[in-house]
Amino acid sequence: MSAPASPTPRVRFAPSPTGYLHVGGARTALFNWLFARRQGGTFVLRIEDTDVERSSTDMVTGILEGLTWLGLDWDEGPGVGGPHAPYFQSERLDRYRAAARELVAAGRAYYDFGGPSKRGDAAAADDGSYERRYDRDAALAVTPDEVQRRLVAGEAHAIRFLVPPGETAFADLVHGEVRFDNAHIEDFVVLRSDTYPTYHLSVVVDDIDMAITHVVRGDDHVSNTPKQVLLYQAFAAAVPQFAHVPLIMGTDKKRLSKRHGATSVTEYERQGYVPEAMVNFLALLGWSPGGDVELMSTADLIGRFALEGISTGNAVFNTEKLDWFNHQYLTRRSDDDLAALLRPWFERAGLWHDDLAGARRSWFHEVLGLLRPRAKKLGEFVEGATPFLSAPRDYDADGRAKHLGAPDLAAHLTALGDAFRTLEPFTEASLEQGLRGVAEARGVKAGVLIHATRLAMTGRTVSPGLFEMLRLLGRDEVVARLGRMTATL
RNA sequence: GCCGGUAUCGUCUAGGGGUCAGGACACGUGGUUCUCAGCCACGGGACCGGGGUUCGAAUCCCCGUACCGGUACCA
């Protein structure tokens, strides 16, 4: 079969700025982006802001920032423009109005003077009492002259699509063929009485105008798809390929919402996640390369991504695994990179000193190195580094009770301080040797000294390895902190 | 209600007519050890139910159930 050279794919992410960029949207954007990058196609970003009431420019900004943070750059769209500009639906209104009139002229849609009936107006339809809230026959029975008269009189009207009898099917790259009996499809409104288009109209008009070849979007749109296919047909346009990706659910398998904690990508950034972890994690929610690989750089992801690998069932957003990915990527960051990432965090905590990037740069890197295997999120570096940057103000109560009860502890610690004061060299090995020597000489277990010293250094019961820590703290600080604790005994 | 979709360890998933149903996260045990983390080793843990088709079904088909989505002049 000599198929015509398939055009390079053009995909789009078309968020509605009625909220921030949530993880579900981010995942959809990611799949589109990966597909475009993999195929050498074009990734279009289009803002669907036809719902003036609920859209806001702040949300637009937030969405763009979220995408940027994730590293998902768009080839056409806000900020970068493109041959199909504008990319805001609010700036394309005339186009939709013209398209709606086209439909009427072609006999595929009709004027409805019935007035709006929002969803809430109708009785709940789950008791079998469902009824359509429009009267096609009545609307169609109005003579053209009468329609004209009412139009001229400025009577409010919507334009409804005239759904033809028959069946509408489409091939979905994830689900296979999906068919709908048109009898179940309403004569949906394409242009509201306020002259704004509905989603179905604007999305189809734009996808046609922007030459979109593959529509990759959430599963919640499969039921909408036949309406849109009907619209493509009415416009005599080529129907794009569809790929409906499963939805992301909360741990209770319910639709993700505020109840589940963070849902916006910005919130994850604030919580100390790094974008490459988020990208890797999100990519695997609903998609698999087919083997056992899990840790994949963005380049790997691009190299392996295929629509065929998208799962059919919904996925639960599981933060524990995200934490693991974050830990993996945190571990892999270079020292300078990590330090740069952390700087604002330390600044916010009031622990930043410029020499951490200057004279004490390598010392700081060593501190971070001690913390790396223990940190899952950026904030944990701040938490863990605090004892290195400031002496403890007090000692953990449980720690005191558990580790400071040994008889003659003050004397032991004084001896330890004395030993450390003259220890040469001041290295991990000699520190350990020194401490164990004191313990032995004084007839106590090394652990007694170790735990008490840890508490003296950090005020806490948990910390990185004691001797590595002592070395980095430096002789003066170690001796001082030891003395300070001894004084409280 | 109606329409559509989905169903493999707790979670993300691989696989897909004949496999010990594989991996990862999480979990448990042991080891390393000064605590924690890490690391290493080991371990428990799944094909929604019922019918078919077949020599054989977790895999294909049907029904049921559950869940998700749609059923707006929201997107």
Side-chain angles (χ1 to χ4, degrees), chain A residues 14-19 48-51 53-55 112 114-122 124-130 133-134 156-160 172 174-175 178-181 183-186 188-194 196-200 202-203 218-226 244 246-247 249 251 253-255 281 284-295 311-325 327 331 370-376 380 384 399 403 432 435 445-451 453-455 460-467:
Chain A
S16 172
T18 52
E48 309 218 323
D49 54 355
T50 53
D51 185 344
E53 296 289 300
R54 301 195 299 145
S55 298
D112 174 6
S117 61
K118 296 216 174 191
R119 189 188 197 188
D121 297 352
D126 48 345
D127 57 354
S129 68
Y130 184 76
R133 293 177 293 285
Y134 62 95
H157 62 276
I159 295 179
R160 282 187 188 273
D172 189 288
V174 176
H175 299 285
V178 185
R179 336 182 54 92
F180 289 80
D181 184 337
H184 295 297
I185 304 173
E186 293 192 323
F188 54 96
V189 169
V190 291
L191 200 71
R192 301 183 230 164
S193 51
D194 63 5
Y196 280 83
T198 60
Y199 169 68
H200 299 300
S202 57
V203 80
D219 250 355
D220 49 342
H221 286 290
V222 315
S223 303
N224 293 326
T225 307
H244 288 101
L247 268 19
M249 318 301 272
T251 44
K253 305 208 176 190
K254 291 282 190 303
R255 198 182 188 133
F281 174 67
L284 259 16
L285 264 194
W287 173 76
S288 163
D292 285 342
V293 275
E294 298 250 305
L295 263 178
S311 333
T312 45
N314 294 341
V316 171
F317 191 89
N318 176 248
T319 315
E320 284 167 341
K321 191 150 183 181
L322 206 212
D323 283 351
W324 177 79
F325 273 115
H327 173 248
T331 302
L370 251 34
L371 269 14
R372 275 179 197 269
R374 293 161 232 270
K376 285 187 158 70
E380 291 165 33
H403 303 306
E432 175 156 11
L435 180 140
K445 286 206 197 159
V448 172
L449 264 35
I450 287 171
H451 293 303
T453 306
R454 169 173 293 109
L455 199 59
R460 307 171 186 169
T461 54
V462 301
S463 80
L466 182 67
F467 304 108

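Just so we're on the same page: letters track the sequence lines, and every chain starts at 1.
A:Glu294 approaches A:Leu284 most closely through the heavy-atom pair O-CD2, 3.3 Å. In plain terms, the two heavy atoms of A:Asp219 and A:Pro246 that are nearest each other are OD2-CA, 3.5 Å.
At the phosphate of B:C73, OP1 or OP2 sits under 4.0 Å from a side-chain N or O atom of A:Arg160. In terms of phosphate contacts, A:Thr312 brings a side-chain nitrogen or oxygen within less than 4.0 Å of OP1 or OP2 of B:A7. Within the 4.0 Å cut-off from OP1 or OP2 of B:A7, not a single side-chain nitrogen or oxygen of A:Lys253 is found.
In this structure, A:Leu370 atom CG and B:A37 atom P are separated by 16 Å, rounded to whole Å.
Within 3.5 Å, no donor on the side chain of A:Asn318 pairs with an acceptor on the base of B:A26, nor the reverse. Between the base of B:C36 and the side chain of A:Ser463 there is no donor-acceptor pair shorter than 3.5 Å.
Using a 4.0 Å heavy-atom distance criterion, A:Pro197 is classed as a sugar-phosphate-only contact. When heavy atoms are screened at a 4.0 angstrom cut-off, A:Gly447 is found touching no nucleic acid atom at all. In this structure, A:Arg179 reaches the sugar-phosphate backbone alone: every heavy-atom distance under 4.0 Å involves primed, P, OP1 or OP2 atoms, never a base.
Straight-line distance between the P atoms of B:C48 and B:G43: roughly 26 Å, to the nearest whole Å. With both ends at atom C1', the span from B:C9 to B:G28 equals 15 Å, rounded to whole Å.
Taking a pair to require two hydrogen-bonding distances under 3.5 Å in either a Watson-Crick or a G-U wobble arrangement, B:C67 pairs with B:G5.
By the 30° and 60° cut-offs, the orientation of the rings of A:His451 relative to A:His403 is parallel.
Inspection of the A:Asn224 and A:His221 side chains reveals an N or O donor paired with an N or O acceptor under 3.5 Å.
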